Amino acid sequence: MANVVVVGSQWGDEGKGKIVDWLSEQADVIVRFQGGHNAGHTLVIDGVSYKLSLLPSGVARSGKLSVIGNGVVVDPHAFVSEVERITAQGVTVGPENLRIAENATLILSLHRELDALREESSTGTRIGTTKRGIGPAYEDKVGRRAIRVMDLKNLSTLPAKIERLLAHHNPLRRGLGQPEILAEAIFEELSSVADKMLPYIDSVWRLLDGQRREGKRILFEGAQGALLDIDHGTYPFVTSSNTVAGQAATGCGLGPNSIDYVLGITKAYTTRVGEGPFPTEQKNEVGEFLGTRGREFGTVTGRQRRCGWFDAVLVRQTVCTSGISGIALTKLDVLDGLDEIKICVAYELDGERIDYLPASQGAQERVKPIYESLPGWKESTEGARSWADLPAQAVKYVRLVEELIGAPVALLSTSPERDDTILVQNPFQD
Ligand code: GDP
Ligand code: IMO
Ligand code: MG
C-alpha cells in the first residue's frame, strides 16, 4: 500500500493544499511534518474556499485522521482560532479526527515579537518572513530550551522551563532595547490555552506506526517549497525548517521506508513571496499578467507574490533534492491567452553556461536565465478535466516541462476547484 509525500518544488504556494485535499479522498491519514502557520493552503470545494495554515488539508474530508507531527512548530493560540474558524465553516474538527504530537515545539508570543523586531530592524538581513515566530521557535528547539506541546499537560513543570527560556530571551531583548518578559506572563499565556489543547495531544510516532501496520494509507503534506529549505534553498532567504521530502519521515517519527512516492507540486510558472534571488522574475507586464490571472496574493500575509517564467533549472534541482517521483502541474490555465511562453533552461554565470543553481548567495544573485521560447495558446484550459480537452500547444508545453525537469506529470490542475484535476498516473498506485 503506497504512502505519498506531497512537497512544493518551488518557493511555496504551488497549490499543495488543493492537491492534498484531492488526494486525501484515497488516504486514511494526512500528516503535516514541518513548518507552522506560516503556511497558507487554500482549498476550493463547490465554490466555497477554505484557508488552512496549521491544520492538514485533509480535515475538509470526513472520516480522515489529520495529524500535526513533531517537526511542526505550533502556536497554540493560532491553533485554537484556526479550529474555531474552520468549525464555523461547517468542517468537523475534534480529537476524533485530529492529533498533535506531544513532542512538537510551541511558538510563543515572544517568538512572534522577535521575528517582527528582526524584520523591522535596519541591521541584519531582511528575509521578508511571515512574522509568525517560525524562525525563533525553531532556534529554541535546536537550542534545547523550547517549551513543547507535552508541557501543557503538566503545568507544574513549566516555571523551570520558562526560566531557562527567559535566561536566553531577556538578554536578547535588552540588546534590542525591548522590555524584559516576566515568567508569569508566559505561564499565563500557556495555561490559558492548555485545556483546549489537551484532548488533541498524542504520541504521534506510535499512532502512525499502528496505522501503518493496519495497512492504512498515509499522505504527508509538506508546507513551503524545496527552494525555501534551510539546507537546500536560497539561503539565507529561506524558512527555518527542512521542506524537502526527507523531512516527512523525521517530522512525524516514521522511517524513510514508509515513503513510497514523492509528488512535487509544481506551478506552471514561478512565484516567490518575500526577499531573495529569483532569476526568472518578470517585473513587467508579463509578471503583472501572471499575478492578476493567477491571483497571486499571499493567503497568510496578503502580500503580493513576485511572478516570473517557469524555471526548469530550479525544478530539475528540486526533483533531485526531494527525490520527486512525479509532479502535479498546477495553474496551467493561468498561461491561457499568452502569445509567447518562455521557459528557463539554463543559466549564464560570469560568462559560462550552467545547469544548476549555485549554492552561494552572490552567485545566486548573478545568474542570468537562458530561455527557450514557445508559442502560447488562445483556447481556454480553465476547468479542463481530461487530457483531450487541452490545446495542442498546451500539451507541448507540459511535455517540454517533463523533459526538462526529468520527472513525469502525474496530475494536472486547471482551476482552484477540487475536481478540476486531470489524473495521469495515480501516486497511490505507483
Ligand atoms: P499552497 O500554499 O501550495 O497550498 O498554495 P496556495 O493555496 O497558497 O496558493 C495556490 C492558489 O492557487 C490558491 O488560491 C489555489 O486555490 C489556487 N489554485 C490551485 N490550483 C490551481 C489551478 O490549477 N489553477 C488556478 N487558476 N488556481 C489554482
Ligand atoms: P506555503 O505552505 C510561500 C517564505 C516567507 C519568507 C520565508 C521565511 O503556503 O507554500 P518564515 O515566516 O517561514 O520564517 O519566512 O519563507 N514563506 C513562504 N512563501 N509559501 C509559504 O508557505 C511560505 N512560508 C514561508 O515569505 O520569504
Ligand atoms: Mg500557500
Side-chain angles (χ1 to χ4, degrees), residues 6-22 32 34-45 48-54 56-57 73 107 111-112 114-116 118-119 125-139 221-230 233-241 243 264-269 271-278 290 292-306 328-336 380-385 411-422:
V6 164
V7 282
S9 72
Q10 292 150 319
W11 277 294
D13 302 325
E14 299 91 348
K16 297 176 292 293
K18 168 184 164 159
I19 300 297
V20 168
D21 166 61
W22 189 85
R32 276 280 307 268
Q34 48 68 233
H37 65 312
N38 50 348
H41 300 174
T42 303
L43 333 178
V44 184
I45 305 165
V48 182
S49 172
Y50 301 84
K51 294 186 186 301
L52 301 170
S53 282
L54 194 49
S57 298
V73 280
I107 302 181
H111 296 125
R112 209 171 46 238
L114 184 57
D115 196 353
R118 284 176 179 161
E119 283 291 303
T125 305
R126 212 182 95 82
I127 305 294
T129 74
T130 59
K131 299 185 187 170
R132 296 295 188 266
I134 305 292
Y138 275 118
E139 287 171 34
E221 177 179 13
Q224 290 83 50
L227 295 163
L228 289 169
D229 182 279
I230 187 78
T234 46
Y235 193 90
F237 304 100
V238 292
T239 192
S240 297
S241 64
T243 57
I265 314 303
T266 306
K267 204 180 276 195
Y269 48 100
T271 62
R272 157 158 226 177
V273 204
E275 309 301 315
F278 182 172
L290 296 171
T292 309
R293 284 287 310 265
R295 299 198 183 139
E296 297 296 352
F297 289 91
T299 313
V300 172
T301 56
R303 285 179 294 173
Q304 198 167 348
R305 297 174 183 151
R306 300 155 63 190
L329 190 66
T330 62
K331 304 191 95 161
L332 184 70
D333 54 293
V334 174
L335 302 179
D336 291 354
S380 168
T381 64
E382 193 184 338
R385 292 192 182 182
L411 295 174
L412 193 71
S413 167
T414 57
S415 102
E417 265 292 337
R418 178 189 267 175
D419 292 324
D420 291 339
T421 306
I422 301 172

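Just so we're clear, the structure is a prediction, and the values are computed from it rather than from any experiment. One-based numbering, in listed order, for ligands and for the atoms of each.
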**Student:** Please state whether Arg418 comes within less than 4.0 angstrom of ligand 1, counting heavy atoms only.
**Tutor:** no

**Student:** Any N or O on Glu14 sitting closer than 3.5 Å to an N or O of ligand 1?
**Tutor:** yes

**Student:** Does at least one non-hydrogen atom of Ser415 fall below 4.0 angstrom from an atom of ligand 1?
**Tutor:**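 So Ser415 counts as touching ligand 1.
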
**Student:** Among protein heavy atoms, which sits nearest to atom 26 (N) of ligand 1, and what does the distance come to when rounded to 0.1 Å?
**Tutor:** Asp333 OD2, 2.7 Å

**Student:** Taking heavy atoms and a distance under 4.0 Å, where does Lys18 meet ligand 1: side chain, backbone, both or neither?
**Tutor:**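 Looking at Lys18 and ligand 1, just side chain atoms fall under 4.0 Å.
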
**Student:** Before signing off on this row, confirm whether Leu332 and ligand 1 have an N or O atom pair separated by under 3.5 Å.
**Tutor:** no

**Student:** With no hydrogens and no angle check, is any side-chain donor or acceptor of Arg112 less than 3.5 Å from a backbone partner on Asp115?
**Tutor:** no

**Student:** Please confirm whether the backbone N or O of Thr130 pairs with a side-chain atom of Arg132, one donor and one acceptor, at under 3.5 Å?
**Tutor:** yes

**Student:** With distance as the sole test, does Arg306 use its side chain to make a donor-acceptor pair with the main-chain N or O of Gly274 at under 3.5 Å?
**Tutor:**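 Yes, the answer is positive, given that a donor and an acceptor are paired below the 3.5 Å cut-off.
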
**Student:** Where the side chain of Arg418 meets the backbone of Asp21, is there a donor-acceptor pair that is under 3.5 Å apart?
**Tutor:** no

**Student:** Atom 16 (O) of ligand 1: which protein heavy atom is closest, and how many Å away?
**Tutor:**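 Protein heavy atom with the smallest distance to atom 16 (O) of ligand 1: Pro416 CB, 3.4 Å.
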
**Student:** Does a donor on one side chain and an acceptor on the other come within less than 3.5 Å for Lys18 and Thr330?
**Tutor:** no

**Student:** Which residue supplies the protein heavy atom nearest to atom 14 (O) of ligand 1, what is that atom called, and how far is it?
**Tutor:**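 Looking at atom 14 (O) of ligand 1, the protein heavy atom closest to it is Thr42 CB, 3.9 Å.
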
**Student:** Can you tell me how far the CD atom of Gln224 sits from the CG atom of Asp229, to the nearest 0.5 Å?
**Tutor:**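 If we round to the nearest 0.5 Å, Gln224:CD and Asp229:CG are 10.0 Å apart.
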
**Student:** Nearest to atom 10 (C) of ligand 1, what protein heavy atom do you find, and at what distance?
**Tutor:** Asp13 O, 3.8 Å

**Student:** What's the shortest distance from atom 12 (O) of ligand 1 to any protein heavy atom, and which residue and atom give it?
**Tutor:** Lys331 NZ, 3.0 Å

**Student:** Could you name the protein residues that come within less than 4.0 Å of ligand 2, counting only heavy atoms, and order them by chain and residue number?
**Tutor:**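 Only Trp11, Gly12, Asp13, Lys16, Asn38, Ala39, Gly40, His41, Ile127, Gly128, Thr129, Thr130, Ala223, Gln224, Leu228, Val238, Thr239, Val273, Gly274, Arg303 have heavy atoms that fall under 4.0 Å of ligand 2, ordered by chain and number.
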
**Student:** Can a donor-acceptor pair be found, under 3.5 Å and without considering hydrogens, that links the side chain of Lys331 to the backbone of Gly294?
**Tutor:** yes

**Student:** To check you understand the geometry: which heavy-atom pair defines the closest contact between Leu332 and Leu412, and what is its length?
**Tutor:** CD2-CD2, 4.2 Å

**Student:** Tell me whether Arg295 at atom CZ has more than 12 heavy atoms from other residues, nucleotides or ligands lying less than 6.0 Å away.
**Tutor:**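 Atom CZ in Arg295 is not crowded, with 12 or fewer foreign heavy atoms closer than 6.0 Å.
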
**Student:** Looking only at protein heavy atoms, which one is nearest to atom 1 (P) of ligand 1, and how far off is it?
**Tutor:**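 Ranked first by proximity to atom 1 (P) of ligand 1 is Lys16 N, 3.5 Å.
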
**Student:** Counting distance only, does the side-chain N/O of Thr414 pair as donor-acceptor with the main-chain N or O of Glu382 below 3.5 Å?
**Tutor:** no

**Student:** Does an N or O anywhere in Val44 fall below 3.5 Å from an N or O of ligand 1?
**Tutor:**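 N/O-N/O distance below 3.5 Å does not exist for this pair.
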
**Student:** Quick one: do the Glu221 and Ser57 side chains pair a donor with an acceptor below 3.5 Å?
**Tutor:**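 Present: a donor and an acceptor within the cut-off.
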
**Student:** Count, excluding waters, the protein N, O or S atoms that are closer to the Mg ion (ligand 3) than 2.8 Å.
**Tutor:** 2

**Student:** Any sub-3.5 Å donor-acceptor pair from Tyr138's side-chain atoms to Gly35's backbone N or O?
**Tutor:** yes

**Student:** Quick check on side chain to side chain contact (heavy atoms under 4.5 Å, CB included): which of Leu43, Thr421, Asp420 does Trp22 satisfy it with?
**Tutor:** Thr421

**Student:** With no hydrogens and no angle check, is any side-chain donor or acceptor of Lys16 less than 3.5 Å from a backbone partner on His41?
**Tutor:**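 Such a contact is absent between Lys16 side chain and His41 backbone.
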
**Student:** Leu329 pairs by side chain to side chain contact (heavy atoms under 4.5 Å, CB included) with which of Ile422, Thr266, Ile265, Leu411?
**Tutor:**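 Only one option passes, and that is Thr266.
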
**Student:** Assess Ile265 for proximity to ligand 1: is some non-hydrogen atom of it under 4.0 Å away?
**Tutor:** no

**Student:** Can you find a side-chain donor-acceptor pair between Gln34 and Ser241 that sits under 3.5 Å?
**Tutor:**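 Yes, side-chain donor-acceptor contact under 3.5 Å.
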
**Student:** Do any N or O atoms from the side chain of Ser53 and from the backbone of Ala39 form a donor-acceptor pair under 3.5 angstrom?
**Tutor:**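 Looks like yes, one N/O pair under 3.5 Å.
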
**Student:** Return the closest protein heavy atom for atom 4 (O) of ligand 1 as residue, atom name and distance.
**Tutor:** Gly17 N, 2.8 Å

**Student:** Is it the case that the side chains of Thr129 and Arg118 hold a donor-acceptor pair, with the cut-off being a distance below 3.5 Å and no angle test?
**Tutor:** no

**Student:** Side chain or backbone of Asp420 under 4.0 Å from ligand 1, or both, or neither, by non-hydrogen atoms?
**Tutor:** neither

**Student:** If the cut-off is 4.0 Å to any non-hydrogen atom of Arg305, which atoms of ligand 1 fall inside it?
**Tutor:**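 Per the distance check, 8 (O), 9 (O).
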
**Student:** If you measure from each non-hydrogen atom of Lys267 to ligand 1, which part falls under 4.0 Å: side chain, backbone, both or neither?
**Tutor:** neither

**Student:** Name the closest protein heavy atom to atom 20 (N) of ligand 1, giving the residue it belongs to and the distance to 0.1 Å.
**Tutor:**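 For this ligand atom, the closest protein heavy atom is Ser413 OG, 3.4 Å.
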
**Student:** Quick one: which ligand 1 atoms are inside 4.0 Å of a heavy atom on His41?
**Tutor:** 1 (P), 2 (O), 4 (O), 7 (O)

**Student:** Verify the distance criterion only: is there a donor paired with an acceptor across the side chains of Thr381 and Asp336 at less than 3.5 Å?
**Tutor:** yes

**Student:** Does even one non-hydrogen atom of Gly40 get within less than 4.0 Å of ligand 1?
**Tutor:**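 It does, in that a heavy atom of Gly40 comes within the 4.0 Å cut-off of ligand 1.
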
**Student:** So, does Glu14 use its side chain to make a donor-acceptor pair with the main chain of Val7 at under 3.5 Å?
**Tutor:** no

**Student:** Pull out every atom of ligand 1 sitting under 4.0 Å from any heavy atom of Thr414, numbered as shown with elements.
**Tutor:**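 Answer for ligand 1: 23 (O), 24 (N).
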
